[in-house]
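Numbers for residues simply follow the sequence, beginning at 1.
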Amino acid sequence: MAAICVFCASSRTLDRRWLDLAAEAGAEIARRGHTLVSGGGCVGMMGAVADGARSAGGATLGVIPQSLVDLEVADLASDELLVTGSMADRKTVMIDKSDAFLTLPGGLGTLDELFEVWTTATLAQHAKPMVLVDADGFYRPLLDWLAGLADQNFLKPAGLGLLTVVDTIPAALDALTPHLP
C-alpha cells in the first residue's frame with residue numbers, strides 16, 4: 001500500500017464536474033488499496049477527494065497549516081490530521097509522507113505544490129512518480145507553454161519528461177502503479 005498525495009483546488013465555487021473528478025480520484029486510490037495524502041481541507045475538490053477515498057473504505061492523511069485550521073476548513077474526519085506551522089511546512093510534510101503525486105485541476109496553490117515536487121524531482125531530491133490529470137484539456141495551455149520553455153532551453157527535456165500527463169483518473173493510477181513501493 002502506497003501513500004498517494006493529491007494536489008487540487010479547495011475553492012467552494014467550482015463546477016460539480018471538478019468535485020466529481022476529485023471524488024473519483026479519492027475513490028480510485030482507495031479501491032486500489034492506497035492511502036490518500038491531501039492538503040487536509042474539507043472544502044472544494046480537496047474535501048471531495050478525501051470524501052471519495054473514505055466512501056471507498058480508504059485511509060486519509062491530511063496535512064494542513066494552523067492558519068487554515070483557524071478558518072475552520074480542516075478535514076476533521078481524516079484518519080490522521082497533521083497540523084503544520086506554515087504552508088511551506090505543509091508542502092514539506094506532504095512530500096515526505098507521500099510515495100507518489102497526482103495533480104488534478106486547480107489554481108495557484110495547486111500549481112505551487114506541483115512545481116515544488118516537480119522541481120525537487122529535477123534536482124534529484126526524490127524519484128517519486130508524478131502524474132498530472134489534464135481532464136478536458138484543463139492544463140493544455142500550461143503544457144504547451146512548458147514545451148516552449150524546453151524548446152528554448154529554459155527547461156531540459158528530461159525534466160519535462162518526469163511528469164506523466166493523462167486525461168482520466170484510471171489512467172493516472174495505472175501510470176503510477178508500476179512505480180509505487
Side-chain angles (χ1 to χ4, degrees), residues 1-10 21-42 44-54 56-66 68-69 73-75 77-135 139 159 161-166 168-181:
M1 177 166 75
I4 299 177
C5 183
V6 175
F7 301 134
C8 59
S10 60
L21 181 74
E24 178 189 357
E28 188 69 15
I29 288 167
R31 277 193 294 273
R32 295 191 187 207
H34 305 300
T35 296
L36 169 70
V37 178
S38 77
C42 64
M45 291 174 72
M46 197 181 306
V49 74
D51 289 343
R54 284 190 290 270
T60 59
L61 166 62
V63 184
I64 190 167
Q66 183 63 53
L68 295 181
V69 173
V73 295
D75 180 15
S78 285
D79 293 301
E80 184 177 1
L81 187 64
L82 301 177
V83 179
T84 64
S86 69
M87 294 292 280
D89 293 341
R90 173 204 221 178
K91 285 189 296 186
T92 299
V93 172
M94 290 171 77
I95 292 168
D96 290 344
K97 296 281 186 183
S98 301
D99 299 308
F101 304 95
L102 192 158
T103 302
L104 300 176
L108 290 176
T110 302
L111 291 172
D112 176 52
E113 293 162 335
L114 168 64
F115 283 115
E116 176 86 14
V117 298
W118 197 358
T119 299
T120 53
T122 65
L123 297 172
Q125 294 179 4
H126 72 83
K128 299 173 183 180
M130 302 168 292
V131 173
L132 178 75
V133 179
D134 186 29
Y139 283 112
L162 290 174
L163 182 69
T164 300
V165 179
V166 300
T168 68
I169 298 303
L173 274 291
D174 289 346
L176 289 175
T177 298
H179 309 285
L180 297 175

Return the minimal non-hydrogen interatomic distance between P129 and L180, and the atom names on each side. CG-CD2, 4.5 Å
Can you see which heavy atom on T60 is nearest to which on A77, and at what distance? OG1-O, 4.4 Å
Using atom types as modelled, flag every donor-acceptor pair under 3.5 Å from a side chain in residues 23-31 to any protein atom, sequence neighbours excluded.
unit_1: E28; atom_1: OE1; unit_2: R31; atom_2: NE; d: 3.4
unit_1: E28; atom_1: OE1; unit_2: R31; atom_2: NH2; d: 2.8
unit_1: E28; atom_1: OE2; unit_2: R32; atom_2: NE; d: 2.7
unit_1: E28; atom_1: OE2; unit_2: R32; atom_2: NH2; d: 3.0

Decide, yes or no, whether a salt bridge links D112 with K91 under the criterion of side-chain N to carboxylate O below 4.0 Å. yes
Show, in sequence, the C-alpha distance, side-chain angles and deciding distance for S38 and M94, and conclude whether the side-chain contact (heavy atoms from CB on, under 4.5 Å) test is met. CA-CA 8 Å; S38 77; M94 290 171 77; 5.7 Å; no
Do any N or O atoms from the side chain of W118 and from the backbone of E113 form a donor-acceptor pair under 3.5 angstrom? no
Heavy atoms from other residues, nucleotides or ligands near CG of L108 exceed 12 (cutoff 6.0 Å): no
Which heavy-atom pair separates M130 from L162 by the least distance, and what is that distance? CE-O, 3.4 Å
Under a 3.5 Å threshold, yes or no: a donor from one side chain and an acceptor from the other, between D89 and S86? yes
Starting from the C-alpha separation in whole Å, work towards a yes-or-no answer on side-chain contact (heavy atoms from CB on, under 4.5 Å) for Q125 and T119. CA-CA 9 Å; Q125 294 179 4; T119 299; over 6 Å; no
Any chance you could measure L82, atom CG, to I64, atom CD1, to the nearest 0.5 Å? 11.0 Å
Find the distance between OH (Y139) and CG (L104) and round it off to the nearest 0.5 Å. 7.5 Å
Do F7 and L111 touch side chain to side chain, with heavy atoms closer than 4.5 Å? no
Testing the basics here: between D75 and G41, what is the closest heavy-atom pair and its distance to 0.1 Å? CB-O, 3.5 Å
Starting at NE2 of H34, measure out to CG of D99 and round the result to the nearest 0.5 Å. 9.5 Å
Once rounded to the nearest 0.5 Å, what's the spacing between atom CD of E116 and atom CE of M87? 11.5 Å
V117 backbone acceptor or donor facing H126 side chain under 3.5 Å: yes
Yes or no on salt bridge (charged side-chain N to carboxylate O under 4.0 Å, His left out) for K128 and D96, after CA distance, side-chain angles and deciding distance? CA-CA 10 Å; K128 299 173 183 180; D96 290 344; 5.5 Å; no
Scanning both residues in full, the closest heavy-atom pair of A53 with L36 reads CB-CD2, 4.0 Å
Atom of P65, atom of V83 and distance for their closest heavy-atom approach: C-CG1, 4.3 Å
V133: which of V166, T168, T164, V6 passes side chain to side chain contact (heavy atoms under 4.5 Å, CB included): V166
Determine the sole option in I95, V131, I4 for which the side chain to side chain contact (heavy atoms under 4.5 Å, CB included) test with F101 is passed. I95
Show your working on side-chain contact (heavy atoms from CB on, under 4.5 Å) between L61 and K97 and close with a plain yes or no. CA-CA 9 Å; L61 166 62; K97 296 281 186 183; 3.9 Å; yes
What's the spacing between C8 SG and L21 CG if we round to 0.5 Å? 9.0 Å
